[in-house]
Each structure stands twice: as structure tokens, then as C-alpha cells.
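Atoms considered below: every heavy atom in the structure, side chains included; atoms not considered: hydrogens, waters and symmetry mates.
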Amino acid sequence: MALISFAPLRIPLKRRIQTLAVLFGVFIAFLAHATGLVLWLVLFLSKYWPIAIFYATIIIVFDRDRPSQGGRRFSVIRNLAIWRYFCDYFPIKLVKTAHLDDNKNYIFGFHPHGIITAGAFGNFATEGTDFSHVFPGIKPYLLTLKILFKFPFFRDFFMGFGICDVSKASIRCICKASTGGNAAIIIIGGAAESLDAHPGSCTLTLKDRKGFIRMALQTGANLVPVYSFGENELYNQANNPRGSLLRRLQDRIRRWLTFAPVLFYGRGIFQYNFGFLPFRRKITTVVGAPIKVVKRSNATPAEVNRLHQLYVKRLKELFDRHKKEHSDYPNATLEIL
């Protein structure tokens, strides 16, 4: 048996373009922020240093808070043809289960995090699955770590997708729009949940995650549970059960750096055994029915807990209703930690 399984030489051009599109997506996820910083330093240390200084001044003085004020999306970036190839690689599918009134604002709770949240990016940060046609009148804002918007050039490219930071100010800005039609997509489990992203795992970090519930009550935005089947199947991860030495070390680093040091591997560009590309695994992102939220500026802990319990109940129902059709593990049970 061959140790390395190489890709055949004769592959349809469409599949090669899909691979290149995902390679670019992986670059955005893991290297684009550092590339932006290096580019700024190169400019700063060259004869073009005035451009670097001018850019930094504009950002610090005039544009520093833009990621928490709705960002600066560009439809051209979201509609690039490359994102359709990106979504077709897996493929990624967006499933609508209920109508969303475009006079209302929403907070989508996205589960699970996975390694690279390919489903969240493909469905909500691009038009690769035709979000604007599936949910007409709804404008999605995918929210991510605030630290990522500290990197020059990358921050502007990232905001072009409609991506904003996940701060309270950002959520308020999106969900208080008087015209409605905004959806803040929050990956609830965050970096902690990525450490449970093993194939077949249905473990969510959600039990003590109630900040998004409080924001829904403060803004009156309706809650929408979202489960992305197949997200955890894209990569293999080192064995790191809770309580193990590796997991304790990863958790410590995560608390220090705000992102998780996940030890994972996928496939390569020309072979299928190891590399940083995700495996071709079907991702089906199911958007549940909205949970009506009555605005409460000063919600009590009891009110927060009741809404959180209802949200968890609806999420479990969504998972159980669709797992047989969209999951490779039809008998799986959703575990809430």
C-alpha cells in the first residue's frame, strides 16, 4: 500500500479551480493577516515609507472603530466568482427552514466552530451559496475576533466581505438598525470549541455562553439557531481529550492569545494524505426558525437563563430534525458543554 496517495494527473479544470479557490481561502484564514503586517513593514522600511505612515494615520485617527460600526462591505468582493468555486469544492449548501422578516434584525448563533468555519465564511461572508437570494432583504454580518482588525490592509480586505468584530458595540450597531434586515452571525463556541473539532464530534461550547442572549434582549433582535453539518469533518486533529496534558496546554495558550493552537492536518494540493487544505467533505448549513425576543434593556439573570434554555432547546430540535439527512452520523447526539 502506497504511503502517499497522489492526485491523478487528469482532473477536470473545474476541480483544479475549486482547489485553488480553497487554497486562497485557507491563505485568508491563516496567513493573510500576517501578510498585511509584512507588507506594511516593507513599505515603512522602503522609500515608500510616507505611504505606510499616511495609511497608519488614517486608520488610527479616522477609521479605528470602523470594524465595530458596521464595517465597510463591498459587494464586488462578496460576489467574486472564486467564492462559488470555493463553495463547490466541499460542497457547501445553505438550507432555509423558515422565513425571515426583513423588517426585523437577527442574531444568528452559528455552530460548530470547526477548524476554519468554512460554512460560516462561504454562506455568510460571500455570495457563494446565494445568501441574498435565499434570504432576500437580509444583510449578513459575520463577526470574528477583534484582534484580526489590528492588522494593516488585511482589516480592509476583511471588512469588504461584510465581516465585523464581535464586540458589544458592533452587535448593537448591527442589531439596532431601525430599518431592520440585519443579521449578526456569531460563532458562539469560538476558539474553545475548535479544540473539540474532531470528525464525528457534536460537542458544543454553549452552556455558559450567554453574552449573545443578553445582546439579543438588549437590542430586541430575534435569535436564529444555525447548525453547520460537516464542519468538524474537514480536518483531522491531534488526540486532545479534555483533561489531557495537551488539552490543558492548549487551553492555557488560548486564554493568553485569544485563539486556539489547534494541531490539525488535512490534505495537500497534489496528494490526499497530509497538508493544510481541508478534505472534500459536504457541509450543509441549516438556518433554523427565528426565536422571537422582546426587548429588555435591563434583563434579569432569570430572563437570560430562560431565553438561553429556549435557544438550546430549539438548537437541539434543529440538529435532531436534520441530522439524518445532512450528517454522516445520523445517530449522533448533540452534547452541550
Side-chain angles (χ1 to χ4, degrees), residues 18 21-33 35-36 66-96 100 105-149 151 153-167 170-171 173-175 181-191 194 224 226-228 230-231 234 259 278 283-287:
Q18 290 170 359
V22 171
L23 180 63
F24 183 50
V26 169
F27 167 77
I28 292 174
F30 296 124
L31 295 173
H33 55 294
T35 302
R66 178 58 58 184
S68 61
Q69 295 176 343
R72 187 168 45 243
R73 73 173 57 215
F74 291 103
S75 60
V76 172
I77 293 179
R78 290 178 56 88
N79 284 280
L80 289 173
I82 188 174
W83 305 128
R84 292 195 178 276
Y85 286 103
F86 175 91
C87 291
D88 288 344
Y89 170 92
F90 299 92
I92 296 174
K93 181 181 179 182
L94 180 63
V95 175
K96 175 182 180 179
L100 297 185
N105 294 313
Y106 302 91
I107 292 178
F108 286 22
F110 183 91
H111 314 270
H113 184 285
I115 300 294
I116 60 171
T117 58
F121 178 78
N123 285 306
F124 305 124
T126 81
E127 286 294 324
T129 56
D130 292 316
F131 179 91
S132 62
H133 292 91
V134 178
F135 294 99
I138 305 298
K139 185 182 292 185
Y141 294 84
L142 181 60
L143 306 186
T144 190
L145 295 174
K146 192 170 186 176
I147 192 174
L148 294 178
F149 297 93
F151 293 90
F153 302 117
F154 172 78
R155 69 187 296 278
D156 304 288
F157 178 60
F158 225 35
M159 283 193 289
F161 291 99
I163 299 176
C164 297
D165 72 44
V166 74
S167 64
S170 179
I171 298 171
C173 177
I174 294 166
C175 295
N182 285 349
I185 294 91
I186 304 175
I187 303 168
I188 306 298
S194 66
V224 179
V226 178
Y227 196 88
S228 193
E231 201 76 46
L234 302 186
F259 62 87
I283 299 174
T284 304
T285 303
V286 183
V287 180

A.B. asks: Looking at S132 and E127, what are the two nearest heavy atoms and their distance?
C.D. replies: OG-OE1, 3.0 Å
A.B. asks: How long is the span from the CZ atom in R84 to the CG atom in N79, to the nearest 0.5 Å?
C.D. replies: 7.5 Å
A.B. asks: Tell me every residue that passes side-chain contact (heavy atoms from CB on, under 4.5 Å) with S194, counting only those two or more places apart in sequence or in another chain.
C.D. replies: H113, A260, V262
A.B. asks: Do I171 and Y141 have side chains that approach each other closer than 4.5 Å (heavy atoms only, starting at C-beta)?
C.D. replies: no
A.B. asks: Go through the steps to decide whether S170 and S68 satisfy the test side chain to side chain donor-acceptor pair (under 3.5 Å), and finish with yes or no.
C.D. replies: CA-CA 4 Å; S170 179; S68 61; over 6 Å; no
A.B. asks: Using the ring of F149 (Phe, Tyr or Trp, six-membered ring only), decide whether R66 places NZ or CZ under 6.0 Å from its centre and within 45 degrees of its axis.
C.D. replies: no
A.B. asks: Donor-acceptor pair, distance only, cut-off 3.5 Å: does the side chain of W83 make one with the backbone of I77?
C.D. replies: yes
A.B. asks: Are side-chain heavy atoms of F110 and L142 found at a separation under 4.5 Å?
C.D. replies: no
A.B. asks: May I ask you to test the Y106-C175 pair for a side-chain heavy-atom distance under 4.5 Å?
C.D. replies: no
A.B. asks: Kindly say whether G122 contributes a backbone atom to a donor-acceptor pair with the side chain of T126 at under 3.5 angstrom?
C.D. replies: yes
A.B. asks: Does F154 form a side-chain contact (heavy atoms from CB on, under 4.5 Å) with L148? I'd like the steps, not just the answer.
C.D. replies: CA-CA 8 Å; F154 172 78; L148 294 178; 4.1 Å; yes
A.B. asks: Does atom CZ of F151 have more than 12 heavy-atom neighbours, drawn from other residues, nucleotides or ligands, at distances under 6.0 Å?
C.D. replies: yes
A.B. asks: Once you measure the plane-to-plane angle for F90 and F86, does it fall in the parallel (<30°), tilted (30-60°) or perpendicular (>60°) bin?
C.D. replies: perpendicular
A.B. asks: Quick check against the 3.5 Å criterion: does R73 have a side-chain atom that pairs as donor or acceptor with the backbone of P140?
C.D. replies: yes
A.B. asks: Is there side-chain contact between V287 and V134, with at least one heavy-atom pair below 4.5 Å?
C.D. replies: no
A.B. asks: Please report the interatomic distance CG(N123) to CG(L94), rounded to the nearest 0.5 Å.
C.D. replies: 4.5 Å
A.B. asks: Check whether any side-chain heavy atom of L23 lies under 4.5 Å from a side-chain heavy atom of F27, and answer yes or no.
C.D. replies: no
A.B. asks: Any side-chain heavy-atom pair from L234 and I115 closer than 4.5 angstrom?
C.D. replies: no
A.B. asks: Using modelled atom types and a 3.5 Å cut-off, is there a donor and acceptor pairing between side-chain atoms of N182 and backbone atoms of N105?
C.D. replies: no
A.B. asks: Is there side-chain contact between P67 and K146, with heavy atoms separated by less than 4.5 Å?
C.D. replies: no
A.B. asks: Compare every heavy atom of F153 with every heavy atom of G36, then report the nearest pair and how far apart it is.
C.D. replies: O-CD1, 3.6 Å
A.B. asks: Nearest heavy-atom pair of G119 and S228: which atoms, and what distance?
C.D. replies: CA-OG, 4.1 Å
A.B. asks: So which atom in A183 and which in I138 form the shortest heavy-atom distance, rounded to 0.1 Å?
C.D. replies: CB-CG2, 3.8 Å
A.B. asks: Do V226 and T285 have side chains that get closer than 4.5 Å, going by heavy atoms?
C.D. replies: yes
A.B. asks: Quick check against the 3.5 Å criterion: does R78 have a side-chain atom that pairs as donor or acceptor with the backbone of F124?
C.D. replies: yes
